[in-house]
Amino acid sequence: MRPAVIAIVGSAMMDLTAYADVLPEPGQTLAGQLFTTGFGGKGANQAVMAAHCGAQVHFIGKLGDDVFGKAIADNFVKVGINSQFVETSSTPNGVAHIWVDGAGENRIIIIPGANHEIEVNKAIEAINSIQDLAIVVAQCEIKQEVTLAAFKAAKARGCTTILNPAPYQALSVELLELTDWLIPNETEFRELHGTLPSSDEILRSFRPGKSTIVTLGSEGAVYVSPTAELHRVSAPKVTAVDTTGAGDAFVGSFAYALASGKAPIDAMKFGVSIASLSVTRKGAQSSYPDQTEIATLS
Ligand code: RIB
């Protein structure tokens, strides 16, 4: 397999998570079961997952010059992520306030903080200078102008681009054009296409000529090829305790597999198996399998 060199331009957050069987109604106070502080942010989650798989990962982002930012920077070193293009800002680090209910479903409010200060020129510089770069991955927790510039630079040097449109925001036509692989979940697909991915016909009518993977939670994922062929991958039955970061586990491991030269459907199967495992544990990055466990899956 060829070495998987991946750049992730994206967010890094500290996740402050409350677990409660039942979530409060407006005006109600409830006692929960557990509070955790963990590493999160869709960009960092995808970067950590790809690094666990064995990719050479370069993170392009901005951290706060505070305790959260410092802890995230240390974690990047520990995981083996190249942080040459990670800068710090006097704006506080991004945080995510997360509620997880008894069924493992979450509700998240993010405060982007320093993530919204990544500079367009720095992102371009980074993409242009990473040797043997194969894939550039982005999400929607940073400013879209940064992602657009990074993808332009990526396509100019022949890289593959993957956009995870999460959380949903309107995407420019230009960005969609520069995106080789779009990976929305069902909700994001509905926002983008105006309807849920509830039939083959609806899926086939989305982004003709381009590759899309819709992640379907416990149902696995479906790949819509540029020629509108559909390939479904089902997920193993598991008991979900926390779905936070499962989509990121899919994107990070899929990007790794694709960059390693796996065929798209095999890369998708790999991503589904890793994401399914991640929902059986609490937290985002804390739920991801390490290299030893990943070796038992493939
Ligand atoms: O996708 C999960 C992530 O969304 C969490 O880790 C949280 O930080 C938010 O960005």
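Indexing begins at 1, ligand by ligand and atom by atom, following the structure's order. Source: prediction; values computed, not measured.
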Using a 3.5 Å cut-off on N/O to N/O, what pairs does ligand 1 make with the protein? A line per pair would be great.
unit_1, atom_1, unit_2, atom_2, d
ligand 1, 1 (O), Lys42, NZ, 2.8
ligand 1, 1 (O), Asp248, OD2, 2.7
ligand 1, 4 (O), Lys42, NZ, 3.1
ligand 1, 6 (O), Asp15, OD1, 3.4
ligand 1, 6 (O), Asp15, OD2, 2.6
ligand 1, 6 (O), Gly41, N, 3.2
ligand 1, 6 (O), Asn45, ND2, 3.0
ligand 1, 8 (O), Asp15, OD1, 2.5
ligand 1, 8 (O), Gly41, N, 2.8
ligand 1, 10 (O), Glu141, OE1, 3.1
ligand 1, 10 (O), Glu141, OE2, 2.6

(request) Keeping to residues at least two apart or across chains, list the ring pair (Phe, Tyr, Trp, His ring centres under 6.0 Å) pairs with something in residues 51-72. (result) Phe59-Phe76
(message) Under 3.5 Å, is there a donor on one side chain and an acceptor on the other for Tyr19 and Asp101?
(response) no
(request) Go through the side-chain N and O atoms of Asp65 and Ser90 and say whether any donor and acceptor fall under 3.5 Å apart. (result) no
(message) Enumerate the ring pair (Phe, Tyr, Trp, His ring centres under 6.0 Å) contacts for residues 80-135, please, sequence neighbours excluded, ordered by first and then second residue.
(response) none
(request) Run the salt-bridge test on Glu229 and Arg204 with the 4.0 Å N-O cut-off and return the result as yes or no. (result) no
(request) Sequence neighbours left out, what pairs pass side-chain hydrogen bond (donor to acceptor under 3.5 Å, both in side chains) with at least one residue falling in residues 39-50? (result) Asn45-Asp248, Asn45-Gln285, Gln46-Gln139, Gln46-Asn164, Gln46-Asp248
